[in-house]
Amino acid sequence: MNAPDHPDTVRAAEAAPPPPPRRRGLSDRALAWVFIAPVIALLLAINIFPLLWNIWLSFTNYRANRPGMDVRGMGTGNYERLLGQDDVWESLQHTAHFVTWSLFFQVVIGFALAWLINKQFRGSGLWTTLIVLPMMLSPAVVGTFWTYLYQPQVGIFNAIVGFFTGSTHFSMIADRDLAPWAIVLVDTWMWTPFVMLICLAGLRSVPQDLYEAAEIDGASPLRQFVTITLPMVLPFLMLAVLFRGIENFKMFDMVVELTSGGPGSVTELANIFLKREAFEKWRTGYAAALAVILFVTVFGFANIYVKAWNTVKQR
Amino acid sequence: MSTSAHSIVEPGPRIKWVAGILVAAYALLTLIPIVWIVMTGFKSPTDAIAYPPKVFFEPTLEGYVNVFTSRSRQSPEYMANLPPAETWYEELVRKRNMVITGPSRFADRYTNSLIIGFGSTFLTVVLGVMAAYAFSRFKVPLKDDLMFFILSTRMFPPVAVAIPIFLMYRELGLSDTHLGMIVLYTAVNLSLAVWLLKGFIDEIPREYEEAAMVDGYSRFQAFMKVVLPQAKAGIAATAIFSLIFSWNEYNFAILLTSGNAQTAPPFIPLIIGEGGLDWPAVAAATTLFILPVLFFTVLLRKYLLAGITFGAVR
């Protein structure tokens with residue numbers, strides 16, 4: 001293949017006795033396909049095929065709880081109904097609130113932590129490992145045990161807040177105004193370490209001589225931060241925002257176990273809405289249309305974002 | 001990674017000290033929920049709902065006994081006529097006028113998590129390392145497009161494919177089977193695995209296999225005997241990431257499993273006692289459930305960065 005270009009290989013080939021005329025086993029080309037085919041086949045079967053099926057379903061009135069039914073095409077009926085429905089728009093608003101605020105807190109706290117850890121104080125490795133623990137847990141299990149921590153009066157969360165404010169008689173997850181913040185808080189608790197780790201990778205990639213040069217030029221620490229640190233870390237920060245944005249847009253498990261969309265529907269995210277339509281009301285075609293809309297939204301945003309990211313990265 | 005000791009930009013001791021305090025304070029704050037849950041696992045039901053919350057309490061294994069057993073309440077007369085309890089856990093349960101009627105399903109669910117977790121991890125690593133090797137070493141047509149395709153499957157919201165996978169699994173009889181879950185989690189994990197492993201294999205010099213092939217090994221033998229051992233660290237990191245994902249997954253588990261192959265995450269929120277969730281038991285189950293993850297996180301800390309960014313920023 002491209003072996004002959006390589007100086008070391010050329011030398012090895014000259015030194016070694018002439019290679020045997022025919023190698024045993026498969027040719028490289030065949031081997032490449034044997035090695036790659038299973039992955040591609042599996043991804044086609046579990047991702048692409050279901051995705052296409054989902055698109056087809058979104059134009060029908062199919063109901064998964066009635067397998068024998070006569071499936072009729074609906075044209076764009078499902079989509080029209082969806083976009084005309086207030087619940088759908090509300091669930092999208094809840095999602096937007098959740099995604100925006102959790103991203104905001106995670107980026108601010110995550111970056112600050114990374115910046116502090118990068119000072120390389122004693123024991124920073126140990127603390128980093130401890131801080132990372134929440135993101136390694138199961139979101140559903142996290143949601144479950146936070147309902148306990150959020151219990152009015154008897155929960156530790158209320159006890160801590162009560163210590164500072166004097167009031168323990170409130171319920172984060174049963175109060176219409178507090179519940180949207182309750183899910184933001186748990187998500188921030190869980191995923192700030194993720195943003196922190198990526199920012200840390202960014203900070204460590206900054207060449208130290210840039211700072212030394214700036215120091216010699218007499219640039220203030222603030223100026224160094226703005227002109228060196230931020231631009232160098234920005235591609236990393238943007239990557240963290242991309243990953244967390246996509247993940248939070250898909251959010252389901254943690255919030256279902258924490259509030260199951262309530263009280264009322266103030267924490268009903270788009271995915272929870274979709275799950276209800278698909279597997280409780282069994283409006284499969286209708287839910288499939290919403291899935292398509294969500295998918296197109298994520299993919300559209302992600303593509304625009306990745307373009308912007310590439311521009312930043314190449315600067 | 002580290003700045004040289006005499007660098008003029010090395011932070012001063014005072015700054016380091018302040019940074020250390022702030023980070024440690026955040027870490028301790030962020031650990032409170034986890035520590036609290038572990039503690040709750042050792043509380044009695046009354047201590048678990050005491051007001052104000054109890055920091056000091058008499059530890060009991062009741063929560064753990066409750067996780068693993070089914071119990072029924074009996075009349076005081078019935079209790080009085082029972083022969084003496086044979087085991088410490090039977091005795092613990094009897095204090096609440098209950099008798100053990102059999103094991104709970106928690107052990108089954110935990111075992112399912114282990115089977116599905118390790119099964120999909122094994123498959124992910126085998127398929128992932130093969131594909132990563134091919135992408136790293138061979139001229140594959142449309143290589144960049146294929147790599148991007150593999151990565152893009154990670155962006156799919158599960159909802160976009162959940163309904164058809166549900167229907168497909170129902171058709172194929174894969175619902176609520178270990179095999180079905182293993183295949184599904186493998187597909188989900190592969191994008192990360194291929195990218196991560198390709199990064200590790202790219203770092204192994206090609207000369208190693210080429211030398212082996214000059215010695216008469218076939219390409220496949222060279223891959224098995226030379227490349228695989230060199231990629232050990234990468235394989236271990238990939239395996240642990242896959243395992244943690246399958247271990248924690250909930251969305252597909254709740255949709256596609258009900259009895260036979262149900263994993264622990266959908267089960268834990270359903271541990272009901274008298275009057276709502278049995279909090280000490282839920283906390284005990286949670287503790288048992290997160291224990292392996294804590295262990296692997298400590299093992300994994302070296303690879304966390306590589307795993308999360310999978311070399312996307314270089």
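Bear in mind the structure is a predicted one, so any value in this text is a computation, not a measurement. These numbers come from the heavy atoms of this one structure, side chains and all, not from hydrogens, waters or symmetry mates. Sequence lines set the chain letters: A, B, ... in the order given, protein chains first and strands last, and positions in each chain run from 1.
Within residues 29-36 of chain B, the residues having any heavy atom under 4.5 Å from a heavy atom of chain A are, by residue number, B:Thr30, B:Leu31, B:Ile32, B:Pro33, B:Ile34, B:Trp36.
Under the salt bridge (Lys or Arg N to Asp or Glu O under 4.0 Å) criterion, A:Glu247 pairs with A:Lys250, not counting sequence neighbours. Legend: residues meeting salt bridge (Lys or Arg N to Asp or Glu O under 4.0 Å) with A:Lys119, ordered by chain and number and at least two apart, are absent.
Using a 4.5 Å cut-off between heavy atoms, B:Ala187 touches chain A through backbone and side chain atoms alike. Of the atoms belonging to B:Ile150, heavy atoms from both backbone and side chain fall under 4.5 Å from chain A. Only the side chain of B:Val282 comes within less than 4.5 Å of a heavy atom in chain A; its backbone stays farther off. The parts of B:Leu167 that come within reach of chain A are both its backbone and its side chain, each placing non-hydrogen atoms under 4.5 angstrom from that chain. For chain A, no part of B:Phe267 is nearby; none of its heavy atoms comes within less than 4.5 Å. With a threshold of 4.5 angstrom between heavy atoms, B:Val129 does not approach chain A through any atom at all. With a 4.5 angstrom heavy-atom cutoff, B:Ile244 touches chain A only via side-chain atoms. The part of B:Phe289 that comes within reach of chain A is its side chain, from C-beta onward, which places non-hydrogen atoms under 4.5 angstrom from that chain. Using a 4.5 Å cut-off between heavy atoms, B:Val140 touches chain A through its side chain atoms alone. When heavy atoms are compared at a cutoff of 4.5 Å, B:Ala48 approaches chain A by way of both its backbone and its side chain.
Between B:Glu249 and B:Tyr185, the side chains place a donor N or O and an acceptor N or O closer than 3.5 Å (distance only, hydrogens not considered).
Sequence neighbours left out, the pairs with a member in residues 143-153 of chain A that pass side chain to side chain donor-acceptor pair (under 3.5 Å) are A:Gln153-A:His169.
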